[in-house]
Amino acid sequence: MATWLFGTLGGVKLSPRPVPGGNDTGQLFNWHPLLITLAFPVLMAEAVLAYKAPLLNLQGDRPRSKAYHLMLHTAALLLTILGVVAAFKSHTLQRPAATPNLYSVHSWLGMSVLTLLTLQYCLGAAAYVFPKLSAAQRRALGPLHTFLGRSIFAAGLATMAVGIQEKATFVQAFAKPALRSGVMTLPAALVVLLLLLGIAVLYHHAPPAAPAPQQQWEREEVVSLVEAVEPSTSFDGEAHTA
């Protein structure tokens with residue numbers, strides 16, 4: 001993403017760039033994909049893995065894993081909000097005429113993901129941090145919280161893919177670059193990488209394989225035979241056979 005933004009799309013700026021007849025807000029907009037990339041593929045991915053396969057060696061320390069998960073989730077939410085603000089600012093500050101907000105599939109998907117992410121954050125904070133539900137309520141909520149977290153992560157990656165394709169379409173329509181140029185091939189590579197990242201992260205949440213029915217039956221047969229042949233110990237400590 002950094003190569004695409006800084007190498008071919010002009011980098012980032014905090015204000016529009018003056019041009020004859022108006023301004024260019026492209027570099028202001030570039031904060032949007034940069035911040036969202038940090039929020040979802042980086043921070044949210046690690047937040048989803050915080051209890052399974054974190055980058056830090058937490059050695060099964062659940063309180064530290066919880067704090068790590070909360071820190072990552074907080075940072076991801078803040079960067080997502082800032083990324084959305086950057087997109088809105090780049091639209092409203094554009095001259096000679098502002099670009100409308102919320103006009104595309106990507107924008108509506110993005111606002112939906114931000115809403116779900118905010119609700120998930122508030123729900124998780126209230127249930128597990130403060131004021132904190134009872135242990136039984138936390139256990140009951142756990143599967144739903146986990147499911148929502150993984151779903152929002154996957155939805156965020158999908159929304160990014162739609163946004164990358166939308167940006168590539170705009171670049172192709174207005175700049176008319178060569179089809180095999182870097183500005184056109186990098187977005188395709190980014191979308192494939194998002195797919196692979198999603199698969200890699202969600203793989204760690206796949207349930208373990210259950211034994212096949214035949215294997216389970218054979219295991220139960222072996223246990224029954226062993227119990228029938230080996231001596232067991234009675235309550236008085238004397239060994240006897242079945």
Side-chain angles (χ1 to χ4, degrees), residues 1-45 73-122 151-195:
M1 181 63 77
T3 301
W4 192 38
L5 292 178
F6 292 94
T8 60
L9 296 182
V12 296
K13 282 189 175 181
L14 295 175
S15 59
R17 179 172 61 89
V19 296
N23 60 32
D24 180 4
T25 59
Q27 291 168 306
L28 176 59
F29 175 84
N30 285 346
W31 282 104
H32 174 70
L34 179 63
L35 293 173
I36 298 300
T37 298
L38 293 174
F40 272 84
V42 179
L43 296 173
M44 276 293 290
H73 208 328
T74 302
L77 178 59
L78 291 176
L79 289 182
T80 301
I81 292 172
L82 290 175
V84 171
V85 169
F88 276 65
K89 279 285 190 182
S90 70
H91 292 162
T92 57
L93 294 178
Q94 190 169 15
R95 296 294 180 267
T99 300
N101 291 309
L102 301 176
Y103 65 89
S104 66
V105 171
H106 169 68
S107 59
W108 283 101
L109 282 174
M111 294 306 297
S112 299
V113 170
L114 176 58
T115 301
L116 290 172
L117 179 61
T118 304
L119 292 175
Q120 168 79 340
Y121 182 86
C122 294
S151 300
I152 293 167
F153 169 69
L157 296 185
T159 302
M160 283 188 64
V162 174
I164 290 170
Q165 178 57 47
E166 182 182 290
K167 180 66 175 180
T169 301
F170 288 156
V171 171
Q172 185 177 13
F174 294 104
K176 301 188 184 304
L179 289 178
R180 301 298 180 185
S181 62
V183 73
M184 296 305 299
T185 55
L186 279 173
L190 284 171
V191 171
V192 174
L193 290 175
L194 288 177
L195 172 63

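These numbers come from the heavy atoms of this one structure, side chains and all, not from hydrogens, waters or symmetry mates.
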Tell me if a side-chain donor or acceptor on [X] pairs with a main-chain N or O of [Y] at a distance below 3.5 Å.
X      : Y      : value
Trp108 : Tyr103 : no
Asn30  : Gly11  : yes
Asp24  : Val19  : no
Ser104 : Ser107 : yes

Could you go step by step and tell me if Phe40 and Val113 meet the side chain to side chain contact (heavy atoms under 4.5 Å, CB included) rule? CA-CA 11 Å; Phe40 272 84; Val113 170; 3.6 Å; yes
Distance-only side-chain donor-acceptor flag, Ser90 / Gln94, under 3.5 Å: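 No.
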Looking only at heavy atoms, what is the nearest atom pair of [X] and [Y], with distance?
X     : Y      : value
Pro16 : Leu93  : CG-CB, 4.1 Å
Pro41 : Leu157 : CG-CD2, 4.1 Å
Trp31 : Leu14  : NE1-CD2, 3.7 Å

Walk me through it: do Val191 and Gln165 pass the test side chain to side chain contact (heavy atoms under 4.5 Å, CB included)? CA-CA 8 Å; Val191 171; Gln165 178 57 47; 5.8 Å; no
Are [X] and [Y] side-chain neighbours, meaning at least one heavy-atom pair lies under 4.5 Å?
X      : Y      : answer
Leu117 : His73  : yes
Met44  : Thr80  : no
Ile164 : Leu194 : yes
Leu116 : Gln120 : no

Give the ring-plane orientation class for Phe29 versus His91, where under 30° counts as parallel, over 60° as perpendicular and anything between as tilted. parallel
